[in-house]
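Scroll down for the structure; my scribbles are underneath it.
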Amino acid sequence: MSSLLLILLSAVLVSMVAIRGVEGWRPFADTADVYENAMGLVHAHLIAIPLVAISTWILDTLVLAALQLSYLRTPAFVALILAAVSIAELLVRRAGTRAPARPAFTMVLATNSALLGIALLSGQLASSFARLLLLAAGAAGAFAVFLLAAATLYERVRYADVPAPFKEAPIGLISVGLMALGCMGFIGLIPE
Amino acid sequence: MTALIAFVVMMSLAGLSLLANRAAANGADAAARARLIERINDLLPQTQCGRCTFAGCRPYATALAEGSADINQCPPGGDNTAEALAKLLGRPPKSVDPQFGVMPPVPMIAWIDEPACIGCTKCIQACPVDAIVGAQRHMHTVIAADCTGCELCIPPCPVDCIEMRPATTSATEVLGASRPHVLSG
Amino acid sequence: MVRGSSARGGLRLEAHKERSTRDPIGMAAAPSTAVLPLDQHAGGAAVPIVAVGDTVAIGQPIAEPAADTSAWLHAPISGRIVAIEPRASVTRACAPALSIVIDNDGREMRHSSARAIEDFLSLEPRELREHIGRGGIVGLGGAAFPTLAKLERGAQASAPTLLINGAECEPYISCDAMLMRERPHDVVHGARILMHALQAQECVIALEDDAPRAADALRAAIAQTENGRIRVQVVPTIYPSGGERQLIASVFGREVPFDGLPPDIGILCHNVGTAAATARWVRDGEPLVSRIVTITGDGVARACNLEVRLGTPISQLIAECGGYTPRVERLLMGGTMMGMALSTDEVAVVKATNCIVAASALDLEPRRREMPCIRCGNCAEVCPAFLLPQQLHVYARATDLDGLERYGLMDCIECGCCDYVCPSQIPLVERFREAKPRLATHLLARDNARAARLRFEERTARLQRLEAEQRQRLEEKRRQARRKDA
Amino acid sequence: MRFPTAAPPHVVVPQTVSKVMRIVIYALLPTIAVHVVFFGPGLLIQSILAIATALATEALALHLRKKSLQQYLTDGTAIVTALLLALCLPPLAPWWLVVSGTAFAILVAKHAFGGVGMNVFNPAMVGYAVLLVSFPAQLLTWLPPDVPELRTEQLSFLQTATTILTGQLPDAFTWDAITSPTPLDALRTNLAMGMTMQEAHASPIFGGFGGRGWEWINLATLIGGIALLALRIIRWQIPVAMLGSLAVCASIMYAIDPGAYAGPVFHLTSGASMLGAFFIATDPVSAATSDRGRLIYASGIGVLTYTIRTWGGYPDGVAFAVLLMNLAVPLIDRYTVPRIYGHAKRP
């Protein structure tokens with residue numbers, strides 16, 4: 001559980017970096033509207049994470065295991081993530097939701113989906129399909145809340161009288177650090 | 001047999017992901033570009049005056065999105081627009097370059113000296129925002145509220161009967177109208 | 001700091017009205033020189049119709065309305081026009097405004113042309129409205145909005161309800177309460193005239209529960225007219241319940257749309273002073289040349305309400321009230337919440353002058369050092385427009401125009417409630433007033449740009465369509481020619 | 001005659017931030033008094049250490065940021081932070097614990113974000129949470145309440161001070177003899193060991209409706225909190241919503257299995273429930289700012305507190321719950337902007 005939380009938090013951290021726009025990652029970049037960009041990323045994750053978890057589980061248990069092809073698990077996982085991420089991106093762009101520009105958007109989405117997908121599938125967390133579904137939805141939802149909270153928090157801190165040496169990145173890191181501190185309260189909630 | 005199935009599964013998965021990725025990439029680039037142009041255009045004053053050296057606001061927006069124009073080329077928008085563009089595009093802020101024109105301190109709109117107007121309609125054709133009305137051989141009038149002050153109607157006029165005059169509608173009036181708040185009125 | 005029952009927000013403030021309501025309304029002496037700014041009403045400044053050297057009589061028109069929203073101006077004294085020139089004026093925060101200056105000849109000559117209409121019902125509503133306009137009547141609550149313009153707007157609503165505003169919520173001001181107490185017949189008669197002019201079906205005279213004598217007087221006056229369509233409604237004394245929009249919410253439980261005016265919901269609101277002035281003009285033929293002004297505050301020897309000719313210098317009024325006390329610190333026109341601090345008393349009373357407060361340290365509560373906002377939310381609790389001043393403050397500090405727009409800066413009525421309760425002592429109203437023109441300019445530019453863009457796009461589409469049609473016609477011609485050849 | 005001008009309004013309430021903070025400090029006095037009665041003078045020494053540290057670090061931060069010491073050091077916010085943190089620490093905790101926790105709270109949670117009014121997270125709770133995750137052993141070592149059944153040899157004021165400053169007990173005492181878990185901690189441990197609620201409650205540290213001592217501390221805090229409400233320093237939304245949601249959660253679980261879950265009254269009078277509801281969650285800077293937002297914010301704290309207390313790894317969840325909801329405040333604020341007069345919809 002806490003490792004899942006840790007992954008979630010790092011996903012949020014990386015996503016914030018992508019939303020804020022890092023030089024070189026944004027050919028059509030717009031740095032304004034952190035919240036709208038976060039919303040786009042959240043939509044994509046809400047599609048991609050459950051999609052990755054479910055499709056991998058189906059492929060793994062129904063196809064690969066049945067055909068004794070388990071050694072193909074890793075390449076299949078990679079291919080599925082790429083497909084799921086692309087589908088999610090396509091849907092989000094089609095819907096006209098504002099989202100960060102490529103390649104930051106795709107890279108972040110793929111990395112997060114992969115990390116969360118592995119976390120959900122490995123270990124004893126996903127003992128049944130229903131549980132996996134629940135976990136995937138929970139992880140995507142938690143990611144959504146944390147990312148949106150971080151985005152609005154960024155907007156608030158932007159107008160705060162932050163001392164010059166702490167402006168921008170440092171205060172962002174401190175915020176995420178304190179966010180993680182708050183999340184420590186979840187330790188022990190669900191036995192690993 | 002197993003090897004064959006494995007091959008097929010892998011190939012189809014790879015194909016699927018490649019296909020989806022291509023589609024997403026195309027959609028993403030085109031959509032992001034169109035959206036950015038739209039957002040830039042939204043920040044421009046829509047005078048269509050061409051002072052930026054482009055043929056209107058949208059062409060300038062397109063050039064900005066492609067990176068082939070700078071943010072300081074719009075005199076009617078002034079430093080506020082330049083600042084908004086800088087923020088949107090993540091470029092360092094700049095004030096407007098006077099080589100593209102200097103705006104008068106108060107907003108100006110076109111005014112036609114009606115007795116002198118010969119009704120040639122040349123200015124009507126030149127007005128990009130349909131702010132001049134009048135028929136052939138009848139005098140023309142500028143709709144003050146619709147004029148953006150682009151000055152495009154001035155060069156075509158054969159009798160030089162158009163001049164720029166200070167606009168009367170100002171923000172303070174708008175503010176006054178929207179402020180019915182004096183108590184026990 | 002208790003919330004109102006029917007309208008949210010607002011403050012319970014100390015009224016400070018006892019001192020000025022002890023004596024009946026007195027008559028101020030006519031000034032030896034009257035200074036009449038031409039812009040003493042909302043809208044365009046009036047245009048002089050007299051010249052320097054002319055002799056005028058009391059009630060004689062001296063300036064006519066400019067185009068659009070404007071109002072007539074009449075001579076308050078008889079005498080000679082000595083100047084038409086810029087003079088320090090309260091309409092421009094003591095900066096010069098173009099004014100007509102009349103020297104009093106002391107003969108109190110009355111202008112004769114005005115007619116007194118006893119039976120106003122004989123006039124067509126439209127005729128009556130125009131007649132009211134000729135009396136130079138403007139809103140006497142402080143906004144000085146030309147009554148004619150308001151009536152014309154209100155007459156477009158079918159059978160509107162007339163709301164006569166006697167809720168004098170600001171501390172210190174008592175001119176309306178005294179008017180209702182002593183001249184209730186003028187108020188009721190004026191209300192009847194306005195009802196006829198508007199074809200209004202009913203009329204509510206609203207006043208606050210701290211003026212019971214005024215309410216009794218009005219009820220008695222209404223009973224005499226045997227008019228069943230006028231009633232008195234008492235509202236809780238909560239600042240700013242006298243604000244037009246706040247009063248409508250508190251009396252009718254309805255809100256005026258942010259982008260509309262009261263007539264849009266079938267209500268027209270006039271001040272009691274306006275109603276009384278209307279009655280005096282229509283019934284007695286006396287145009288708006290004087291008004292009741294409250295002179296009060298610890299900085300003046302005797303507090304009272306005086307009927308004052310327009311153009312009287314404030315210094316003269318203070319002298320009539322026994323002069324300043326040594327404690328005087330600040331001179332306010334209006335109440336302590338929204339009143340303007342005057343830099344000099346050598347300015348004249350205008351139609352909007354409802355109150356002069358010569359304030360001492362006892363009347364003022366000085367601001368302490370400003371601290372950062374601690375988001376306590378006291379301001380949001382008292383805001384009668386239901387805004388979040390604490391958030392607006394953040395956006396105003398950062399000049400984030402989008403944030404200011406989203407959080408409704410333009411809906412701020414500048415009543416000062418937020419400012420009053422702020423424990424961090426932030427001058428919120430001042431900040432908002434600074435930010436408003438910026439936002440207004442931004443919104444105006446944006447709206448203009450959007451409209452221009454629409455017209456440009458329509459035009460482009462039209463030109464393309466015309467070109468296509470022309471090409472088609474050309475093609476058609478060519479084809480016909482070819483057919484002929486064949 | 002000429003007059004100076006000024007912008008309206010010309011009157012304002014004679015209220016200031018430092019007055020508000022002074023009232024909050026006074027309102028904490030009943031809690032502090034009852035705390036000292038039951039747990040000895042440790043809290044007083046901890047408070048002095050915390051306030052001294054807070055003022056010193058505040059002065060340092062203000063000096064580095066070139067802000068007016070006179071204006072900001074006297075605003076009382078640092079003292080409130082210090083007191084709240086001291087109230088959360090065990091009475092005999094070593095001095096470096098309270099000093100490092102307070103310094104972290106003031107420097108990182110407050111001044112890195114811009115000082116008074118700007119902090120996103122509640123500084124006192126940041127300080128406490130940092131200490132709790134870093135030094136759990138020290139923070140869970142409580143004293144038994146000073147009641148007849150549990151009375152052990154009491155440390156004098158001097159002995160308490162020496163213990164805090166040196167970390168060494170006087171010769172006659174041993175840690176094992178004078179320490180005891182808090183009721184919340186004991187309940188959790190015992191339930192985890194398979195005891196039923198009745199068996200767990202048999203311990204003398206449990207009183208009439210909460211833990212011995214703790215129930216009175218919470219009641220004292222309630223009185224201080226009601227005083228704050230009466231003086232309109234805080235609004236009802238936050239305490240009512242937080243205590244309400246905590247009580248609702250506790251009632252539901254208690255109704256499901258009274259043998260495994262403590263009842264609502266126990267939860268309301270244990271740990272930092274009242275302190276959290278009236279003094280910590282109500283910190284306006286880090287709380288949601290609209291009325292509806294405050295209801296959501298405080299309900300969230302109540303639910304999270306119950307969750308962490310009941311199923312989590314820490315005995316009390318108020319600090320983490322507050323931090324987690326602090327994190328969500330900007331988001332809550334964004335979605336709870338009230339409808340403006342004359343507008344049909346919320347912006």
Side-chain angles (χ1 to χ4, degrees), chain A residues 1-3 5-6 8-9 12-13 16 33-36 38-39 42 138 141-192, chain D residues 61-62 64-67 104 107-109 111-123 125-134 136 188 192 285-286 289 304-305 307-335:
Chain A
M1 186 67 193
S2 56
S3 58
L5 256 174
L6 207 63
L8 262 177
L9 282 176
V12 168
L13 183 60
M16 278 305 289
D33 305 338
V34 168
Y35 184 80
E36 280 72 16
M39 206 44 143
V42 159
F143 175 82
V145 172
F146 276 120
L147 184 62
L148 291 180
T152 44
L153 196 141
Y154 165 73
E155 289 190 336
R156 179 165 165 197
V157 170
R158 191 171 48 164
Y159 291 142
D161 183 20
V162 175
F166 289 99
K167 277 216 158 73
E168 295 291 317
I171 196 66
L173 288 170
I174 291 175
S175 303
V176 177
L178 295 180
M179 224 160 127
L181 184 64
C183 289
M184 300 280 275
F186 288 129
I187 285 176
L189 268 185
I190 296 173
E192 293 286 325
Chain D
L62 290 171
L64 289 175
R65 297 179 60 212
K66 300 185 175 59
K67 301 264 176 189
F104 190 86
L107 291 177
V108 177
H111 278 284
F113 284 89
V116 58
M118 308 288 178
N119 49 293
V120 173
F121 297 94
N122 185 315
M125 290 304 100
V126 168
Y128 177 69
V130 162
L131 294 179
L132 187 56
V133 299
S134 314
R188 216 169 50 88
V285 180
S286 55
T289 203
L304 284 171
T305 301
T307 309
I308 295 170
R309 269 184 189 175
T310 313
W311 297 291
Y314 293 100
D316 201 351
V318 173
F320 292 115
V322 168
L323 289 183
L324 283 168
M325 290 314 290
N326 283 166
L327 169 66
V329 158
L331 192 59
I332 294 172
D333 278 351
R334 195 184 172 96
Y335 281 98

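For clarity, every value in this text was computed on a predicted model and none was experimentally measured. All chains are named by letter (A, B, ...) in the order of the sequence lines, taking the proteins before the strands, and each is independently numbered beginning at 1.
Heavy-atom distances place no part of D:Lys66 under 4.5 Å from chain A, backbone and side chain included. Heavy atoms closer than 4.5 Å to chain A are found in both the backbone and the side chain of D:Phe113. Contact annotation for D:Asp333: neither backbone nor side-chain heavy atoms come within less than 4.5 Å of a heavy atom of chain A. If you measure heavy-atom distances from D:Val329 to chain A, the contacts under 4.5 Å come from the side chain alone. For a residue to count as touching a neighbouring chain, one of its non-hydrogen atoms must lie under 4.5 Å from one of that chain's; by this rule D:Thr307 touches chain A with backbone and side chain alike. Proximity to chain A is absent for every atom of D:Leu132, based on heavy atoms less than 4.5 angstrom apart.
Chain D forms the most heavy-atom pairs under 4.5 Å with one residue out of A:Leu153, A:Leu148, A:Val157, A:Leu178, and that residue is A:Leu178. Contact count versus chain A (heavy atoms, under 4.5 Å) is highest, among D:Ala61, D:Gly313, D:Ala328, D:Ala319, for D:Gly313. Among the candidates A:Ala149, A:Ala160, A:Pro163, A:Ala164, the residue making the largest number of heavy-atom pairs closer than 4.5 Å to chain D is A:Pro163. With chain D as partner, the option from A:Ala150, A:Ser175, A:Gly177 having the largest number of non-hydrogen pairs under 4.5 angstrom is A:Ser175. No other option in D:Ile332, D:Asn326, D:Val126 has as many heavy-atom pairs under 4.5 Å with chain A as D:Val126. Note on D:Leu64, D:Leu324, D:Val133: by heavy-atom pairs under 4.5 Å with chain A, the leading option is D:Leu324. The most heavy-atom pairs under 4.5 Å with chain D, out of A:Gly182, A:Pro165, A:Pro170, come from A:Gly182.
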Next item on the list: Let me see the working for D:Arg65 and A:Asp161 under salt bridge (charged side-chain N to carboxylate O under 4.0 Å, His left out), right down to the final yes or no.
Entry: CA-CA 10 Å; D:Arg65 297 179 60 212; A:Asp161 183 20; 3.3 Å; yes
Next item on the list: Test D:Leu304 against A:Phe186 for side chain to side chain contact (heavy atoms under 4.5 Å, CB included), laying out the working first.
Entry: CA-CA 9 Å; D:Leu304 284 171; A:Phe186 288 129; 4.0 Å; yes
Notebook entry, point to check: How far apart are the C-alpha atoms of A:Tyr35 and D:Leu331, what are their side-chain angles, what is the distance that settles it, and do they pass the side chain to side chain contact (heavy atoms under 4.5 Å, CB included) test?
Noted result: CA-CA 10 Å; A:Tyr35 184 80; D:Leu331 192 59; 3.9 Å; yes
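Closest non-hydrogen pair, D:Tyr314 versus A:Met184, comes out as CE1-O, 3.5 Å. Looking at every heavy atom in both residues, A:Arg156 comes nearest to D:Met118 through NH2-O, 4.2 Å. Taking each heavy atom of D:Ala112 and A:Ile171 in turn, the nearest pair found is O-CD1, 3.2 Å.
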